[in-house]
Amino acid sequence: MNLPRLSPANVRQKASLHDTRDRRLPLIAPPCDLVIFGITGDLARKKLVPALYDLANRGLLHPAFALTGFARRDWSDEDFANYIQDSIKSYARTPWDEHTWEQFRAGLRFVSGTFDDEAAFTRLAETVTELDETRGTGGNHAFYLSIPPASFPKVVSQLAQSGLNTKNPESFRRVIIEKPFGDDLDSAKELAAILHEVFAEKDTFRIDHYLGKETVQNILAMRFSNIMFEPLWNSRYVDHVQITMAEDIGIGTRAGYYDGIGAAKDVMQNHLLQLLALTAMEEPVTFSEHDLRVEKEKVLSAVRLPEDLASNTVIGRYTAGWQGGQQVKGYLEEDNIPASSRTDTFAAVKLYVDTRRWAGVPFYLRTGKRLGKRVTEIAVVFKRAAHIPFDKAATQELGNNALVIRVQPDEGITLRFGSKIPGNGMQVRDVSMDFGYGHAFTEDSPLAYERLLLDALAGNSPLFPGQTEVELSWAIMDPIFKYWAEEVTPVPYRPGTWGPKEAHEILAKDGRSWRNP
Ligand code: BG6
């Protein structure tokens, strides 16, 4: 008998034919409890708790949802509820709603203890059981480690010892972690080994909050739902790609985290390489976790560093100066920064992606604190037309065509191209065609943490980088970090500028220049 051959693609097609979910309905988290370690920290107070409330307010959490805080403070449940209420009132995106709050509040629990305290983890296990019995969280518990990575091993081993990682076939136990995932390739592997002793890879959710941003997901929508961009998306038409993540703030009160890490490890090794992967990857077969990761991994494996790191990479550090009409401190004068610090607050690098699509096309990445303004964008800069049938004087103001994906703020996409200047002559200069989220859609975009928390609780993992991506990203950056550590001191730059002049030279020697966003 001739049976039809089933390829992975038509297995998926069949599976989706039998998927009876109504796709118009939003994804809703099942009954569950989120335990946050580090609940008193800035991330939890300013981002996680408000995002959970916003989800509840939008009806995306099950009414049985519970939030358990674990921290050293000696708080009563009421103290905890006041703290949560204050965080919501100060930072939530959606309006205060008494009904949502009453329901949310009924699911709040607090466990006081340190990470070394076995008795505290026993109390946590009891709390979790109590929630299953009284609130109906169904054995579903996720553990969010919003704590310094040095404490990860201790906390996961305590979770294992108190049996908190043990689930039954109908329930889940997950761990959600925040970067940095290691400090280099070796330590990233060690961290994964420690986590995997307690949680399977499929139950491990790594947050890269850039992947939760609407505009970042829109890179995929723009590239793969349209016909007009993809034919140009290759070395035949693209001259180079610039990825900028600029911030106008300094390090604020984050010296403890930031010093010794610096700009490149903080955001280039993760956020910027993820943006590069989404920009450069091939079309995934589906948007499942597996298919997306496979394509991103292919790009990251193909990244090549230029041979001469001295002229193609730069690190910088902001000095004291003026920004936005205010006098600001230099990095070395910030609170709790040692005078001997060698930490970078600016980094720029040039990379290549050695695939047929991108051969020879440089990808320039830059990031920094205290730069001209807060902006994240990906600019795909096209080659000049092979022949321009106007005399040179008529096209003096004509630059390269460019497609700019504005990740933030002012989210949208701009296309730059040449147009005739009105009048009797035939002068041509650049104009822009603009798409802005704010104009095109009436609904505000959910914030990245709303999307990622919902996905983690619903077990939807495409927007979380896998361990292989993390390792490939370290493998790309490790030689650069080693070179910088051994041979380079960050060069000073003034606040409010676009970084040190050496960053401009990386492009200038290639006959190009950074965009001034
Ligand atoms: C974080 C970095 O990952 O991203 C911070 O640790 C940085 O240093 C932040 O300020 C920027 O995020 P966003 O979403 O404001 O661009």
Side-chain angles (χ1 to χ4, degrees), residues 26-27 46-48 50-51 54-55 57-58 60 91-95 207-226 228-230 233 241-249 266-268 270-281 287 292 296 324 363-369 371-382 401-417 430-455 462-465 498 514-517:
L27 181 75
K46 294 186 178 162
K47 304 275 184 192
L48 305 182
D54 289 329
L55 287 172
N57 229 356
R58 291 164 61 213
L60 300 177
Y91 297 105
R93 182 174 69 85
T94 58
I207 301 266
D208 182 313
H209 79 282
Y210 263 63
L211 296 182
K213 291 183 190 271
E214 286 284 328
T215 34
V216 172
Q217 293 160 50
N218 196 36
I219 300 171
L220 300 179
M222 190 202 76
R223 288 191 56 198
F224 302 125
S225 68
N226 297 301
M228 58 191 176
F229 304 116
E230 223 33 38
W233 215 256
V241 178
Q242 300 185 11
I243 305 183
T244 297
M245 177 187 167
E247 295 183 279
D248 50 5
I249 52 171
D266 184 33
V267 300
M268 194 177 268
N270 37 64
H271 306 327
L272 294 198
L273 287 182
Q274 284 289 329
L275 294 182
L276 178 147
L278 294 174
T279 307
M281 74 186 209
F287 289 101
L292 256 177
K296 285 195 281 170
F363 284 69
Y364 299 100
L365 275 50
R366 68 174 161 170
T367 184
K369 300 235 182 243
L371 296 184
K373 70 176 197 189
R374 173 172 184 252
V375 59
T376 300
E377 63 166 43
I378 301 161
V380 178
V381 181
F382 294 95
N401 294 159
L403 183 93
V404 182
I405 302 170
R406 294 192 307 274
V407 173
Q408 65 189 24
D410 189 21
E411 292 80 357
I413 297 175
T414 299
L415 188 61
R416 185 178 72 187
F417 56 96
D430 287 330
V431 293
S432 292
M433 212 154 70
D434 207 47
F435 149 69
Y437 269 79
H439 302 292
F441 302 107
T442 46
E443 213 182 310
D444 279 354
S445 300
L447 297 181
Y449 276 101
E450 280 173 65
R451 174 65 200 261
L452 295 178
L453 281 167
L454 179 62
D455 276 6
L463 296 181
F464 298 87
W498 287 100
W514 289 106
R515 282 170 42 80
N516 186 350

* To do: In sequence, state the C-alpha distance, the side-chain angles, and the governing distance for Y364 and V381, and then conclude on side chain to side chain contact (heavy atoms under 4.5 Å, CB included).
  => CA-CA 11 Å; Y364 299 100; V381 181; over 6 Å; no
* Side-chain H-bond candidate by donor/acceptor type, T414 with R406, under 3.5 Å -> yes
* To do: Answer yes or no: is there a side-chain heavy-atom contact under 4.5 Å between Q274 and P465?
  => yes
* Asked: Counting only N and O atoms by type, is there a donor-acceptor contact under 3.5 Å from the side chain of Q217 to the main-chain atoms of L211?
  -> yes
* Asked: Does the side chain of F464 reach to within under 4.5 Å of the side chain of D208, using non-hydrogen atoms?
  -> no
* Approximate separation, where rounding is to 0.5 Å, of E214 CD and D444 CG -> 10.5 Å
* Nearest non-hydrogen partners of I243 and L272, listed with the distance -> CG2-CD2, 4.0 Å
* Asked: Between the main-chain N or O of T94 and the side-chain N or O of D54, is there a donor-acceptor pair closer than 3.5 Å?
  -> yes
* Which of parallel (below 30°), tilted (30 to 60°) and perpendicular (above 60°) describes H271 and Y210? -> parallel
* To do: Kindly write out the residues that satisfy ring-ring contact (aromatic ring centres under 6.0 Å, His included) with F441, not counting sequence neighbours, or none if the list is empty.
  => Y437
* Asked: Sub-3.5 Å donor-acceptor pair from the side chain of R223 to the main-chain atoms of M281, do we have one?
  -> yes
* Look at E450 together with R93 and state whether they make a salt bridge at an N to O cut-off of under 4.0 Å. => yes
* **Nearest heavy atoms of A221 and N226, plus distance in Å** => O-ND2, 3.8 Å
* Structure fact -> With sequence neighbours left out, the residues meeting ring-ring contact (aromatic ring centres under 6.0 Å, His included) with Y91 are none
* Looking only at non-hydrogen atoms, find the nearest pair between R58 and P446 and report the distance. => NH1-CB, 3.7 Å
* So, R366 versus T244: side-chain donor-acceptor pair below 3.5 Å or not? -> yes
* Does any N or O in the side chain of D410 come within less than 3.5 Å of the main-chain N or O of G436, such that one atom is a donor and the other an acceptor? -> no
* Asked: Can you tell me how far the CG atom of L463 sits from the CG atom of L292, to the nearest 0.5 Å?
  -> 8.0 Å
* Asked: Which distance, rounded to the nearest 0.5 Å, do you find between the CG of L276 and the CG of L365?
  -> 6.0 Å
* Determine the minimum heavy-atom distance between N57 and P95, stating which atoms define it. => ND2-O, 2.7 Å
* Determine, stepwise, if the pair T376 / T215 fulfils side chain to side chain contact (heavy atoms under 4.5 Å, CB included). => CA-CA 10 Å; T376 300; T215 34; over 6 Å; no
* **Spacing of CD belonging to E377 relative to CG belonging to L275, to within rounding of 0.5 Å** => 11.5 Å
* **For the student: nearest non-hydrogen atoms of L452 and H209, plus distance** => CD1-CA, 3.6 Å
* Do you know which of K373, K369, R374 makes salt bridge (charged side-chain N to carboxylate O under 4.0 Å, His left out) with E247? -> K369
* With no hydrogens and no angle check, is any side-chain donor or acceptor of W498 less than 3.5 Å from a backbone partner on P517? -> no
* **CD1-CE distance between I378 and M222, expressed to the nearest 0.5 angstrom** => 8.5 Å
* Asked: Rounded to the nearest 0.5 Å, how far does CG of L278 lie from CD1 of I405?
  -> 9.5 Å
* Asked: Between W233 and T279, is any pair of side-chain heavy atoms under 4.5 Å apart?
  -> yes
